[in-house]
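I have placed the structure first, in the form of C-alpha cells, so that the comments after it can refer back to it.
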Amino acid sequence: MKPHDGMYIDGAWRPAAGTGTITVLNPVDERPVGEVPAGDAQDVDAAVRAARAALPSWSATPPAERAALIGALRDRLVARKDEIAETVTAELGSPLAFSEAVHAGVPILVSGSYAELAATHAFEERVGNSTVYLEPIGVVGAITPWNYPLHQIVNKVAPALAAGCTVVLKPAEDTPLTAQLFAEAAHEAGIPAGVFNLVTGLGPVAGQALAEHEGVDLVSFTGSTAVGKRIGATAGAAVKRVALELGGKSANVILPSADLAKAVNVGVANVMSNSGQTCSAWTRMLVHTDRYDEAVELAAAAAAKYGPRIGPVVNAKQQARVRGYIEKGVEEGARIVAGGPESPQEQGYYVQPTVFADVTPEMTIAQEEIFGPVVSLIRYEDEEDALRIANGTVYGLAGAVWAADDAEAIAFARRMDTGQVDINGGSFNPLAPFGGYKQSGVGRELGAHGLAEYLQTKSLQF
Ligand code: NAD
C-alpha cells in the first residue's frame with residue numbers, strides 16, 4: 001500500500017488541515033518506511049462532523065445489514081492479509097510469521113465475530129411491563145496504541161459499528177500505515193461515508209482534540225496509564241462515556257502441583273511474544289520456594305533460545321525505557337540470569353530477552369509495566385503468600401494459574417483481582433471479555449461484553 005497524504009473523512013481521502021508530517025521508521029533498521037500527515041484539531045473536527053452526520057442513518061440501519069457490511073470488511077481484511085502482515089512488520093518490526101498469524105489473523109477472527117454478533121445480538125428485551133431497547137451511544141472517538149496495531153483498531157471499530165455507532169479513529173504515531181490500510185478495507189467493504197473516519201496525528205494534538213471534542217459521545221482509549229488518566233478526567237468533566245484499556249503487570253502463578261517445565265516454558269514464551277509489548281503479558285512468574293531454583297534454570301534456558309527469534313521493540317524511546325528498567329532491576333538487587341541491558345546489536349531497536357531471578361514483590365520491575373521482553377521470577381512461601389503477591393500491584397488485567405488439575409487452578413484464579421486468567425495454558429478466546437480490574441482500566445472489549453460498551457438502554461413501559 002502506498003501511504004496516503006490525507007485523512008479518510010466522510011468516505012474519501014482529503015487533504016489534511018494540519019501541516020506537519022509523521023515519518024514512520026522500521027524498528028529493524030531504523031529506516032523510514034513511509035510518511036503520513038499529522039492532523040490537527042481542524043481535521044478532528046471535520047471527522048467528528050462527518051461521523052455525526054452519518055449517525056442517524058447508520059444507527060437506523062437494520063442490524064442484519066450492519067452485520068453484512070462488517071462481514072464484507074472482514075473479507076477485505078482476509079483478501080489483504082499478506083499486505084497487513086507486511087505493513088505491521090515494516091512499522092512494528094515483528095517477525096513476518098507472527099504478523100501473519102497474530103497481527104493479521106486475530107483481527108480477522110474478531111471482525112468475523114462481530115459480523116455474527118451484530119446479526120444475532122438481542123437489541124431489545126422485555127422486562128416485566130417494559131421493553132428495553134439497546135441503542136447506540138453515538139459518535140465514538142477511538143484512540144489506539146501501536147503494540148497490536150490492527151487488533152486494537154478492530155477491537156473498537158467492529159463492535160462500535162455492530163452497535164450502530166459511527167467512529168473517528170486516531171491511531172498511534174508509530175503505526176499509522178496499518179490504520180490507513182484498515183481505512184482502505186472499510187472503504188472497499190462499502191461501509192457508508194462518514195461511518196468510519198481516520199485522522200492520523202500526534203497524541204497531544206489530534207488525540208487530545210478528539211478526546212475533548214463535544215461531538216464525541218464515547219472515548220475508547222488503549223495505551224499508557226498516564227494518558228488514560230487524563231482522558232478519563234477529560235471525559236468525566238464532560239459527563240462523557242469512557243472506556244480505558246491500560247497496562248498490566250500480570251502474574252503467572254505456578255502452584256506446587258503444576259507441571260513446572262511446561263508452565264515455565266509457556267510463561268516465558270508468553271512474555272517474549274511481540275517482544276514483550278503486550279498489555280496482558282505474564283511478566284511476573286510466581287514460583288513456590290521449593291521449586292524456585294529449578295524454575296530459574298528452566299526460564300533462563302527458555303529465554304536463551306529466543307535470542308534471534310524475537311523482533312525489536314517499536315522505537316528508540318521504548319528501547320531506552322526497557323533497558324532503563326533492566327538497569328533498575330540490577331540496582332535494586334535482582335539477579336540477571338538471561339539477557340541484560342546491553343543492546344544485542346548496533347542497528348535496530350533490539351532488547352535482549354531478559355530473565356530476572358531474586359525479584360521481590362516491591363521492586364520496581366515487579367510493580368511497573370516494562371513493555372519489553374523482561375520476565376521477573378518471584379518466590380512465594382505458600383498459597384496465601386502467592387495470592388498476596390499476585391494481587392499486590394495497582395494493575396489487574398490478566399494472569400495464569402497452573403496446577404495438577406484445573407479445579408485447583410480455578411479455585412486460585414477466582415481469588416485473583418484480575419480480568420482474565422488462563423488456566424493450565426487455556427487458549428485465547430476472541431469472544432471472552434477482555435479488560436481490567438483496578439487501574440488496568442474501565443470497560444471490556446471483545447465478544448458480547450465488548451458490544452455492550454457501545455450501547456445505552458432505553459426502557460418503555462406499557
Ligand atoms: P500512549 O498512551 O502515549 O499512546 C497511546 C495512544 O494515545 C496513541 O495513539 C497516542 O497518540 C495517544 N495519545 C498520547 N497522548 C495523548 C493525549 N494527551 N491525548 C489523547 N491521546 C493521546 O502510549 P505510548 O507512549 O505509545 O506507550 C507508553 C507506554 O504505554 C508503554 O511503555 C506501555 O507501558 C503502555 N502501553 C500500553 C498499551 C496497552 O495495550 N495497554 C499499549 C501501548 C502502550
Side-chain angles (χ1 to χ4, degrees), residues 18 20 22 24 27 36 38-41 44 91-92 103 106 141-153 155-156 168-176 178-179 198-213 216 219-235 240 242-250 271 273-281 283 313-325 349 351 364-365 367-374 393-398 419-420 434-436 438-443 445-446:
I22 294 170
V24 182
V36 301
D40 64 12
V44 168
E91 294 187 305
L92 187 67
H103 290 300
V106 176
I143 301 175
T144 55
W146 41 263
N147 61 338
Y148 289 87
L150 187 59
H151 177 61
Q152 307 282 19
I153 290 172
N155 271 3
K156 300 187 190 306
V168 177
L169 168 67
K170 205 305 280 176
E173 292 86 328
D174 293 283
T175 54
T178 305
L198 170 67
V199 176
T200 51
L202 302 176
V205 182
Q208 194 158 331
L210 183 58
E212 288 174 352
H213 201 293
V216 170
V219 183
S220 179
F221 169 83
T222 300
S224 63
T225 306
V227 175
K229 283 181 177 168
R230 281 185 64 166
I231 288 178
T234 304
K240 197 181 277 187
V242 67
L244 303 172
E245 208 271 89
L246 311 176
K249 194 72 200 176
S250 296
V271 177
S273 164
N274 210 35
S275 304
Q277 304 167 118
T278 305
C279 43
S280 56
T283 48
V313 295
V314 70
N315 58 33
K317 190 175 141 206
Q318 280 299 119
Q319 185 190 33
R321 192 183 129 101
V322 176
R323 292 172 63 189
Y325 271 115
Y349 309 124
V351 177
T364 306
I365 57 168
Q367 288 292 327
E368 296 183 11
E369 184 174 53
I370 298 174
F371 234 59
V374 183
T393 76
V394 296
Y395 292 115
L397 189 56
Q420 269 210 0
F434 179 87
K438 301 191 284 186
Q439 287 185 31
S440 283
V442 175
E445 294 194 317
L446 296 176

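Start at 1 and go down the list; that is how both ligands and their atoms are numbered.
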For the backbone of [Y] and the side chain of [X], can you confirm whether one donor and one acceptor N or O come within less than 3.5 Å of each other?
X	Y	answer
Gln277	Val314	yes
Asn274	Tyr148	no
Lys170	Gly39	no

* Below 4.0 Å from any atom of ligand 1, is there a heavy atom belonging to Ala172? ->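 Right, Ala172 reaches ligand 1.
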* To do: Mark the output for Phe221 as yes if a heavy-atom distance to ligand 1 is under 4.0 Å, and as no if none is.
  =>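 Judged by the 4.0 Å heavy-atom criterion, Phe221 does count as contacting ligand 1.
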Could an N or O of ligand 1 be found under 3.5 Å from any N or O of [X], whether backbone or side chain?
X	answer
Thr144	yes
Leu246	yes
Arg321	yes

* Asked: Can Leu169 and Ile153 be said to form a side-chain contact (heavy atoms from CB on, under 4.5 Å), step by step?
  -> CA-CA 8 Å; Leu169 168 67; Ile153 290 172; 3.8 Å; yes
Heavy atoms only: which of [options] is nearest to [atom]?
atom	options	answer
atom 28 (C) of ligand 1	Glu369, Gln318, Lys170, Gln277	Gln318
atom 2 (O) of ligand 1	Gly228, Ala179, Ser224	Ser224
atom 18 (N) of ligand 1	Lys249, Gln208, Glu212	Gln208
atom 37 (C) of ligand 1	Gly247, Gly223, Gly207	Gly223

Going by the order shown, which atoms of ligand 1 are within less than 4.0 Å of some heavy atom of [X]?
X	answer
Gln152	40 (O)
Cys279	39 (C), 40 (O), 41 (N)
Ile231	20 (C)
Glu245	41 (N)
Thr222	5 (C), 39 (C), 40 (O)
Pro171	9 (O)

Protein residue, atom and distance nearest to [atom], heavy-atom basis:
atom	value
atom 13 (N) of ligand 1	Gly203 CA, 3.3 Å
atom 12 (C) of ligand 1	Ile143 CG2, 3.6 Å
atom 26 (O) of ligand 1	Trp146 NE1, 2.6 Å
atom 3 (O) of ligand 1	Val227 CG2, 3.8 Å
atom 42 (C) of ligand 1	Pro145 CB, 3.4 Å
atom 38 (C) of ligand 1	Phe371 CZ, 3.5 Å
atom 25 (O) of ligand 1	Lys317 NZ, 4.0 Å
atom 10 (C) of ligand 1	Glu173 OE1, 3.5 Å

* Start with the C-alpha gap between Ser280 and Gln420, add the side-chain angles, then the distance that decides, and say whether side-chain hydrogen bond (donor to acceptor under 3.5 Å, both in side chains) holds. => CA-CA 9 Å; Ser280 56; Gln420 269 210 0; over 6 Å; no
* No-hydrogen, no-angle side-chain donor-acceptor test under 3.5 Å, Tyr325 and Glu368 ->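 Short answer, yes.
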* **Short side-chain donor-acceptor distance under 3.5 Å, Ser220 and Lys156** =>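 A pair is found: one side chain offers a donor N or O, the other an acceptor, under 3.5 Å apart.
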* Side-chain heavy atoms of Tyr349 within contact of Gln318, under 4.5 Å ->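 Not in contact.
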* Asked: What do we get for Ala211 next to ligand 1 when only non-hydrogen atoms under 4.0 Å count, side chain, backbone, both or neither?
  ->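 Neither; nothing of Ala211 gets under 4.0 Å from ligand 1.
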